[in-house]
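Heads up, the thing below is written out as structure tokens.
We use all heavy atoms of the structure for the numbers below, so side chains are in, but hydrogens, waters and symmetry mates are not. The chain is numbered in sequence order, starting from 1. Since this is a predicted model, take the numbers as computed values, not measurements.
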Amino acid sequence: MALIEALLSQGYGIGTVFGVLLLCLVIYLLSISSSSKDEENKYPPGPKPLPLVGNLHMLNLKKTYLSIWELSKQYGSVYTVHFGPKKVVILSGYKVVKQALVNLSEEFGDRDITPIFHDFNQGYGIVFSNGENWREMRRFALSNLRDFGMGKKRSEEIIIEETQYLKEEFEKFEGKPFETTLPVAMAVSNVISAIVFSTRLEYSNTKLHRMINRAYENMRMIGSASVQLYNMFPWIRPFVANQKRIVNNVKETFRQSEEIINDLKKTLNPQVPRGIAECFLIRQQKDEESGKTDSFYNSMNLYCTMNNLFGAGTDTTASTLRWCLLLMAKYSEIQAEVQDEIDRVIGGRQPMAVDRKNLPYTDAVIHETQRYANVVPLGSPHQTTCDVHLNGYFIKKGTSVWPLLVSVLRDENEWETPNSFNPGHFLDKQGQFVKKDAFMPFSAGRRVCPGESLARMELFLFLTSLLQHFRFTPPPGVSADDLDLSPVVGFTLNPAPHKLCAVKRS
């Protein structure tokens with residue numbers, strides 16, 4: 001029904017819909033012929049699929065992560081869901097996700113590249129590639145992120161400089177209500193832009209606005225019902241308007257990146273690279289001069305890798321920081337306690353990364369925001385590299401596997417109050433910060449987010465600097481209870497549109 005409704009809602013006639021369903025039936029009949037072998041090997045259990053649609057009738061594609069999380073209560077921590085004709089193994093709960101991603105990281109280490117991501121990455125870059133291309137691009141990215149300051153003094157200097165610009169931007173609103181999305185995203189994107197492209201754009205720059213808006217629009221549309229259906233039934237692409245819009249947005253971002261990179265080429269000094277993009281260009285130049293014909297340092301990997309870093313370095317960090325500010329406005333007593341700690345330990349000077357160890361409550365609030373906000377609830381889809389057994393079940397090579405991060409971050413066996421915002425999850429009885437193994441907002445294993453340490457530093461320095469200077473409140477006439485914590489669901493979970501007041505502290 002979900003497929004029929006989606007097609008009809010876009011204006012396609014009964015004849016077209018019938019043709020699509022007939023094609024689905026052919027694929028389904030071809031796919032079920034191998035099911036008996038799965039049963040012999042004790043394949044993970046799951047709800048019985050219907051012809052054509054699999055288990056779609058049981059899922060709410062507007063909140064897919066909640067639907068499949070709910071199924072785990074019936075079918076256990078390792079189970080199968082059929083998204084149309086595609087069989088997907090779901091991993092639910094901290095123990096089994098850790099077992100797969102950490103203990104069996106090689107076996108579960110490939111990326112399942114769904115049609116929408118193949119459309120604009122085509123197997124290049126870091127996030128949505130496999131094999132030697134992925135290994136080489138990840139090595140390159142990690143090495144150069146370290147060289148250009150990820151987790152070091154250089155990145156701290158870039159972030160601190162950007163906090164000043166963001167505070168000035170907030171001050172322009174003079175304590176009146178404003179939407180936090182664009183200024184926060186501009187600040188975070190400027191940090192990664194400085195590291196990748198060695199450039200910074202003014203907050204008034206319309207090119208930056210468009211780049212950010214395209215990124216947010218794509219994240220929303222990638223999680224839409226129509227694109228999810230496209231990933232299950234790729235032959236419906238001509239009927240999926242969102243697919244066309246996403247690809248066009250990516251093309252425009254590539255074009256904008258090409259402008260930046262062409263400017264970098266004009267002043268490129270192979271002895272003194274100023275950012276990660278220039279390091280790539282230098283390596284590309286060397287491979288071309290040596291006559292290497294199978295180099296991974298080609299134009300597609302350049303644009304895909306740089307945009308993977310830019311996109312991943314903006315969306316999740318900016319979304320988490322917005323969740324932080326919203327939660328501070330909603331829970332004013334927690335905000336006050338954070339500010340008391342900042343005032344007591346730091347006073348009026350600029351917060352530094354080394355202050356984190358002396359701000360346990362602030363650190364706990366940031367970690368709890370990441371846990372509670374659950375920005376990437378489904379994680380990113382994995383694929384098995386070989387036949388493997390997990391929890392007594394057999395999973396074939398090439399099977400799509402979804403490690404459900406929401407089930408880890410809200411695991412009732414790991415968190416005292418999993419569905420409540422509670423900084424105490426990360427504090428001991430003495431009020432000192434404690435690490436938790438089930439804290440996996442960046443995923444885990446060999447596909448863990450390469451920019452984790454940079455994101456952690458950004459969240460700490462931005463939040464402490466902002467709370468040192470501002471008190472965040474709901475708009476006049478709006479109570480804290482009225483602030484909505486329901487997320488806007490896309491590929492990531494963002495706060496619903498809202499306004500806050502940033503009131504200067506005396």
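Results of the side chain to side chain contact (heavy atoms under 4.5 Å, CB included) test with R245 over V247, N248, N249 single out N249 as the only residue that passes.
In this structure the side chain of L61 never reaches within 4.5 angstrom of the side chain of S67, judged on heavy atoms. Using a 4.5 Å heavy-atom threshold, the side chains of K286 and Y297 count as separate. Between S407 and Y94, every side-chain heavy-atom pair lies at or beyond the 4.5 Å cut-off. Taking 4.5 Å as the limit, every side-chain heavy atom of S224 sits out of range of all side-chain heavy atoms of Y230. When side chains are defined from C-beta on, I159 does not count as touching F460, because their heavy atoms never get closer than 4.5 Å. Put simply, the side chain of M232 reaches to within 4.5 Å of the side chain of L56, judged on heavy atoms. Annotation: side chain of F108 is in contact with side chain of T384 (closest heavy-atom distance under 4.5 Å). Using a 4.5 Å heavy-atom cutoff, the side chains of F170 and F178 are in contact.
With no hydrogens or angles considered, a side-chain donor-acceptor pair links N307 and S257 at under 3.5 Å. Using modelled atom types, one finds no donor on one side chain facing an acceptor on the other under 3.5 Å when comparing E202 with S204. A donor-acceptor pair shorter than 3.5 Å can be found between the side chains of D119 and Q243. T64 and Q228 share a donor-acceptor pair across their side chains, judged by distance under 3.5 Å alone. Side-chain contact check for R210 and Q256: no donor-acceptor pair (N or O, by modelled atom type) lies under 3.5 Å. Side chains of S193 and T199: a donor on one and an acceptor on the other come within 3.5 Å. In the model, Q350 has a side-chain atom that pairs as donor or acceptor with a side-chain atom of Q164 under 3.5 Å.
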For this session: Evaluate ring-ring contact (aromatic ring centres under 6.0 Å, His included) for H118 paired with F128, printing each intermediate quantity in order.
Result: CA-CA 8 Å; H118 185 269; F128 296 99; over 10 Å; no
For this session: Please assess S129 against M137 for the test side-chain contact (heavy atoms from CB on, under 4.5 Å), listing each intermediate value before the final yes or no.
Result: CA-CA 9 Å; S129 66; M137 289 301 100; 5.6 Å; no
For this session: For ring-ring contact (aromatic ring centres under 6.0 Å, His included), just list the numbers for F280 and F140, CA-CA rounded to whole Å, side-chain angles, deciding distance to a tenth of an Å, and then say yes or no.
Result: CA-CA 8 Å; F280 195 105; F140 169 82; 5.4 Å; yes
Exercise. How far apart are the C-alpha atoms of K436 and D411, what are their side-chain angles, what is the distance that settles it, and do they pass the salt bridge (charged side-chain N to carboxylate O under 4.0 Å, His left out) test?
Worked result: CA-CA 12 Å; K436 292 293 185 71; D411 192 326; over 6 Å; no
Problem set entry | D355 and R349: CA distance, side-chain angles, deciding distance, salt bridge (charged side-chain N to carboxylate O under 4.0 Å, His left out) verdict | CA-CA 11 Å; D355 293 320; R349 68 169 172 80; 2.7 Å; yes
For this session: List the steps, then state whether side-chain contact (heavy atoms from CB on, under 4.5 Å) holds for E458 with V191.
Result: CA-CA 9 Å; E458 286 185 85; V191 171; 3.6 Å; yes
Exercise. Does the side-chain contact (heavy atoms from CB on, under 4.5 Å) test come out yes or no for W323 and Q370, once each step is laid out?
Worked result: CA-CA 8 Å; W323 277 111; Q370 291 180 271; over 6 Å; no
For this session: Take R356 and T464 through the test side-chain contact (heavy atoms from CB on, under 4.5 Å) and record every step on the way to the result.
Result: CA-CA 10 Å; R356 183 194 293 269; T464 52; over 6 Å; no
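Between the side chain of H209 and the main chain of K207, no donor-acceptor pair closer than 3.5 Å is present. Remark: side-chain polar atoms of S465 are not paired, donor with acceptor, to backbone N or O of F462 under 3.5 angstrom. The backbone N or O of G109 sits less than 3.5 Å from a side-chain atom of R447, completing a donor-acceptor pair.
A salt bridge links E162 with R200: the closest approach of a Lys/Arg side-chain nitrogen to an acidic carboxylate oxygen falls below 4.0 angstrom. One finds a salt bridge joining E259 and R255 here, because a Lys/Arg side-chain nitrogen approaches an Asp/Glu carboxylate oxygen to under 4.0 Å. Salt bridge absent: R220 and D315 never bring a charged side-chain N and a carboxylate O closer than 4.0 Å. For R456 and D363, the salt-bridge test fails: no basic side-chain N is under 4.0 Å from an acidic carboxylate O. Looking at R446 and E106, a side-chain N of the basic residue comes within less than 4.0 Å of a carboxylate O on the acidic one, giving a salt bridge. Ionic pairing of R371 and E368 is present here: one or more N-O contacts between side-chain nitrogen and carboxylate oxygen are shorter than 4.0 angstrom.
Figure legend: R139 and W134 shown without cation-pi pairing, the cationic atom not lying both under 6.0 angstrom from the six-membered ring centre and within 45 degrees of its axis. Remark: R410 qualifies as a cation-pi partner of Y372 under the 6.0 Å distance and 45° angle criteria applied to the six-membered ring. In this structure, R274 is not positioned above the aromatic face of F197 in the sense of NZ or CZ being under 6.0 Å from the six-membered ring centre and within 45° of the axis.
With a 6.0 Å radius and a threshold of 12 heavy atoms from other residues, nucleotides or ligands, K95 has its NZ atom at or below the threshold. Crowding of Y124 atom OH: a count of heavy atoms from other residues, nucleotides or ligands under 6.0 Å not exceeding 12. Within a 6.0 Å sphere centred on NZ of K86, heavy atoms belonging to other residues, nucleotides or ligands number more than 12.
The two residues I395 and P44 have their closest heavy-atom pair at CG1-CG, 4.2 Å.
Note that the OG1 atom of T399 and the CG atom of D110 stand 12.0 Å from one another [nearest 0.5 Å]. Rounded to the nearest 0.5 angstrom, E288 CD and K292 NZ are separated by 12.0 Å.
Aromatic ring orientation, F117 versus F491: perpendicular (interplanar angle above 60°, classes split at 30° and 60°).
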